[in-house]
Amino acid sequence: MSAEPSAELRLYNSLTRAVEAFRPRVDKKVGLYACGPTVYNHAHIGNFRSFLYGDLLRRVLRHFGFDVTSVMNFTDVDDKTIRGSRAAGESLRIFTDRYIAEFRRDMETLNLLPQDVQPRATDHVPEMIALIGRLVEKGLAYASGDGSVYFRVAALPDYGKLSRLDKEGLKPGARVAQDEYQKETFGDFALWKAWSPDDGDVAWESPWGKGRPGWHIECSAMAMHYLGEELDLHCGGIDLLFPHHENEIAQSEGATGRPFARCWGHSAHLLVDGQKMSKSLGNLFTVRDVEAKGYTGRELRYVLIKAHYRQSLNFTWDELAAARVALSRIDNWIVRWKALPASALTAALPVGAAFLNAFSEALADDLNISGALGHLFDFVHETNRLMDKGEPVPDLPAIWEKVDAVLGLGIRTAEVPPEIAALGAERLAARAAKDWKKSDALRQQLDALGWSVRDSAKGQELVRK
RNA sequence: GGCAGGAUAGCCAAGUGGUAAGGCCGGGCUCUGCAAAAGCCCCAUGCGCCGGUUCGAUUCCGGCUCCUGCCUCCA
């Protein structure tokens with residue numbers, strides 16, 4: 001099987017608002033930065049929709065032969081983390097450690113590939129201070145009377161190029177706290193926040209006095225620290241586009257005079273019952289909530305990944321149930337070909353190459369996962385038919401390995417525990433003796449234990465439900 | 001108000017200037033002691049509404065209606 005698909009990867013770039021051929025700065029090397037979670041509570045499934053988008057993006061890049069260095073940060077200092085740690089009577093570090101651990105657990109549950117680096121903001125304050133220093137030197141930032149430092153938006157002519165918001169039009173709104181700013185103009189944003197009593201012992205020394213970094217500067221500093229001053233790709237949720245990413249661009253390009261990221265990608269929101277998830281609506285679910293309802297991580301992964309990332313996705317429990325059935329279709333198909341003798345697998349069969357080609361071509365088109373999945377199900381169907389007829393099939397294990405490197409659905413291990421196997425053997429014996437009553441009772445018992453019995457031409461099979 | 005994205009079968013969701021992928025649900029068949037499971041087959045003259053361009057539009061253009069998000073620290 002050829003190493004790389006021939007199709008050229010095209011991605012939507014929020015900066016140009018067009019789908020364009022993706023070309024990193026250096027051959028096939030990609031520096032990818034994804035904005036990570038603020039670790040003050042459990043991430044919800046809406047958060048994971050965008051992290052899953054980042055994961056899919058990474059897997060697709062690999063699929064197309066790119067060598068990806070992936071960085072995702074943890075925001076472990078901000079108003080919410082400070083408030084949370086104080087409420088819990090814990091240090092900021094201990095408090096955020098716990099939610100970082102929870103987040104990593106959820107990542108594993110959803111089979112997100114771990115990033116190459118997962119830096120936390122509080123480990124990079126010196127880099128942030130240095131970056132702010134560069135901006136102050138260049139006249140792009142200024143210290144206000146209280147020891148905070150702000151970015152001077154007016155000094156950067158192309159500020160607003162990502163969000164295409166008119167900076168003149170940025171006006172105070174209801175969502176701005178009234179008391180905290182001593183800024184030259186409304187659009188200016190905090191790079192460094194002077195210490196306030198509410199911050200407790202959370203503070204770092206800086207040339208401008210005791211304080212803590214602003215939100216946006218974290219990502220600029222960490223991204224540049226690990227990936228250099230120019231990134232190939234920067235991704236995150238659509239709501240980060242403004243102000244967060246706009247401000248990252250301003251800080252980074254203001255300091256370096258070079259383009260910060262060549263391509264920006266943003267995923268649309270996850271909706272629940274047609275609305276954005278929010279605590280007040282009571283429609284906010286965590287990965288644990290989904291697990292508590294009996295669904296697995298891979299079922300959730302499938303639901304969150306199956307629609308195009310730039311399309312808002314409406315989450316419903318019905319979809320999760322449908323995902324379970326759809327996934328079992330794939331599982332059953334895998335079970336079938338795993339039982340095949342090696343001689344039945346013909347690597348050179350054209351249907352295999354045709355499928356892989358169609359699958360890749362769909363993915364190459366700005367991650368058209370729905371199209372790719374459609375091809376997968378077509379292929380499952382087609383090869384099932386071949387197996388029905390006892391005809392040779394393509395090298396399914398090798399094909400699936402490539403496909404699943406992108407989808408991350410995995411193969412369900414079907415290890416049958418000894419006690420289940422024993423019940424199965426008992427039922428087999430009962431059937432042989434034509435003791436239908438006993439064999440039906442055993443079937444029910446197995447069913448209650450979560451195993452379904454399949455009587456097929458090959459004999460009895462035990463499959464976990 | 002500004003910016004952005006939508007509206008495709010009961011539900012979810014691709015896609016195309018030439019007559020609608022895929023998944024779920026539903027119906028049928030095969031298999032079977034009976035079931036279940038699994039597999040196979042079928043399932044939108046129709047793509048929000050009104051005009052226009054075209055031999056032909058769901059796909060292009062114009063208008064309209066409705067939905068969702070962003071507009072300073074929410075993925």
Side-chain angles (χ1 to χ4, degrees), chain A residues 14 17 34-38 43-54 75 78-80 153 160 163-166 169-173 175-177 180-181 183 186-190 193 214-216 235-244 246-247 266-271 274-279 302-303 306-308 310-316 318-319 321-330 332-333 335-336 358 362 365 368-378 380-381 384-385 387-389 431 434-436 439-440 443-444 447 452-457 461 463 465:
Chain A
S14 299
R17 306 212 173 162
C35 284
T38 301
H44 55 69
I45 59 175
N47 297 323
F48 276 106
R49 200 237 170 150
S50 29
F51 298 133
L52 241 11
Y53 147 62
T75 296
D78 79 321
D79 291 348
K80 285 174 291 201
V153 166
S163 57
R164 301 194 189 181
L165 289 175
D166 179 5
L170 295 174
K171 292 198 206 81
R175 296 174 61 182
V176 184
E180 62 174 310
Y181 296 126
K183 305 187 290 192
F186 175 74
D188 292 355
F189 55 91
K193 297 177 151 191
W215 177 34
H216 316 301
C235 67
I238 186 68
D239 50 357
L240 257 29
L241 193 139
F242 186 85
H244 187 54
E246 192 70 67
N247 292 349
H266 294 94
S267 59
H269 280 289
L270 179 73
L271 306 178
Q275 287 173 298
K276 185 177 169 178
M277 288 213 286
S278 75
K279 270 184 185 150
Y302 182 83
V303 166
K306 78 186 183 81
H308 189 86
R310 286 192 289 121
Q311 216 60 57
S312 49
L313 173 65
N314 193 22
F315 173 83
T316 62
D318 283 352
E319 275 307 302
R324 168 165 296 180
V325 183
L327 246 19
S328 77
R329 231 175 129 68
I330 295 172
N332 286 319
W333 171 72
V335 166
R336 285 190 81 178
D365 183 17
N368 181 355
I369 187 77
S370 305
L373 248 15
H375 292 302
L376 206 216
F377 282 104
D378 279 341
V380 166
H381 194 221
N384 266 332
R385 220 163 9 187
M387 288 188 277
D388 278 353
K389 290 190 287 189
R431 289 194 73 213
K434 294 203 192 293
D435 185 349
W436 308 129
S439 84
D440 287 351
R443 184 206 284 155
Q444 271 199 334
D447 188 79
S452 59
V453 178
R454 300 179 186 177
D455 292 325
S456 70
E461 257 184 296
V463 180
K465 285 195 294 188

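Naming: A, B, ... by sequence-line order, numbering from 1 per chain.
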Please state the [atom1] separation for the pair [N] and [M] - nearest whole angstrom.
N	M	atom1	value
B/G23	B/U59	C1'	23 Å
B/G48	B/C12	P	14 Å
B/A14	B/C29	P	34 Å
B/G26	B/U65	C1'	33 Å
B/C61	B/U54	C1'	12 Å
B/U8	B/U19	P	22 Å
B/C70	B/A75	P	12 Å
B/A4	B/C24	C1'	31 Å

Indicate, with a heavy-atom threshold strictly under 4.0 Å, whether [X] touches base, sugar-phosphate, or nothing.
X	value
A/G237	sugar-phosphate
A/L270	base
A/G46	base
A/L271	sugar-phosphate

Between the protein and nucleotides 11-13 of chain B, list the N/O to N/O atom pairs that are separated by less than 3.5 angstrom.
| from | atom 1 | to | atom 2 | distance (Å) |
| --- | --- | --- | --- | --- |
| B/C12 | O4' | A/E319 | OE2 | 3.1 |
| B/C12 | O2' | A/K306 | NZ | 2.8 |
| B/C12 | O2' | A/E319 | OE1 | 3.3 |
| B/A13 | O2' | A/S370 | OG | 3.4 |

Rounded to the Å, how far apart are [X] [atom1] and [N] [atom2]?
X	N	atom1	atom2	result
A/N47	B/G69	CG	C1'	16 Å
A/H269	B/G6	NE2	C1'	14 Å
A/R17	B/G2	CZ	P	15 Å
A/K434	B/C34	NZ	P	11 Å
A/E246	B/A4	CD	P	14 Å
A/L240	B/U72	CG	P	14 Å
A/R164	B/A4	CZ	P	8 Å
A/I238	B/G6	CD1	P	11 Å

Q: Give a yes or no on whether the backbone of A/H381 and the side-chain of A/R329 come within a donor-acceptor separation of less than 3.5 Å.
A: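 Judged by distance alone, no pair lies under 3.5 Å.
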From [options], pick the nucleotide closest to the side chain of [X]?
X	options	result
A/A322	B/A75, B/C24, B/G33	B/C24
A/K193	B/C71, B/C73, B/G22	B/C73
A/F186	B/U72, B/G22, B/G23	B/U72

For [N], give the paired nucleotide (Watson-Crick: N1-N3 plus N6-O4 or O6-N4; G-U: N1-O2 and O6-N3; both under 3.5 Å), or none.
N	result
B/C70	B/G2
B/U58	none
B/C43	none
B/G48	B/C64
B/A9	none

Q. Would A/W436 count as stacked on B/G33 if the rule is ring centres under 5.5 Å and plane angle under 30°?
A.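 It does: the two rings, one from A/W436 and one from B/G33, meet the stacking criterion.
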Q) Between A/D239 and A/S163, which is nearer to the 5' end of RNA chain B once each is assigned its nearest nucleotide? A)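 In this pair, the answer is A/S163.
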(Q) Would you compute the distance between atom CZ of A/R49 and atom CZ of A/F315 and round it to the nearest 0.5 angstrom? (A)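 A/R49 CZ to A/F315 CZ: 12.5 Å, rounded to 0.5 Å.
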Q | Test salt bridge (Lys or Arg N to Asp or Glu O under 4.0 Å) applied to A/D435 - qualifying residues, sequence neighbours left out | A |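 Per chain and number, A/D435 pairs via salt bridge (Lys or Arg N to Asp or Glu O under 4.0 Å) with no residue.
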(Q) Holding to salt bridge (Lys or Arg N to Asp or Glu O under 4.0 Å), I want the full list of residues that pass it with A/D365, two or more places apart in sequence or in another chain. (A)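 Result, salt bridge (Lys or Arg N to Asp or Glu O under 4.0 Å) vs A/D365: A/R10.
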Q. Does A/N368 make a side-chain N or O approach to OP1 or OP2 of B/G15 shorter than 4.0 Å?
A. yes
With sequence neighbours excluded, what pairs up with [X] under the side-chain contact (heavy atoms from CB on, under 4.5 Å) test?
X	value
A/S267	A/S50, A/Y53, A/Y309
A/H308	A/R310, A/Q311, A/D366
A/H269	A/I238, A/D239, A/L271, A/K276

Q | Ion pair check, A/D78 and A/K193, cut-off under 4.0 Å | A | no
(Q) I'd like to know if A/D440 pairs up with A/R443 as an ion pair, taking the criterion as any Lys NZ or Arg NE/NH1/NH2 lying under 4.0 Å from an Asp or Glu carboxylate oxygen. (A)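 A salt bridge links A/D440 with A/R443.
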Q: Please name the pair of heavy atoms, one in A/L313 and one in A/A307, separated by the smallest distance, quoted to 0.1 Å.
A: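 Taking A/L313 first and A/A307 second, the nearest heavy atoms are CD1-CB, 3.8 Å.
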Q: Assign a letter to each nucleotide of nucleotides 35-41 of chain B from its 5' end: B, base within under 4.0 Å of a protein heavy atom; S, sugar-phosphate only; -, no contact.
A: BBSSSSS
Q) With sequence neighbours left out, what residues match A/H244 under ring pair (Phe, Tyr, Trp, His ring centres under 6.0 Å)? A) A/W215, A/H216
Q. Which residues satisfy the ring pair (Phe, Tyr, Trp, His ring centres under 6.0 Å) test with A/F51, sequence neighbours excluded?
A. A/F48, A/F103
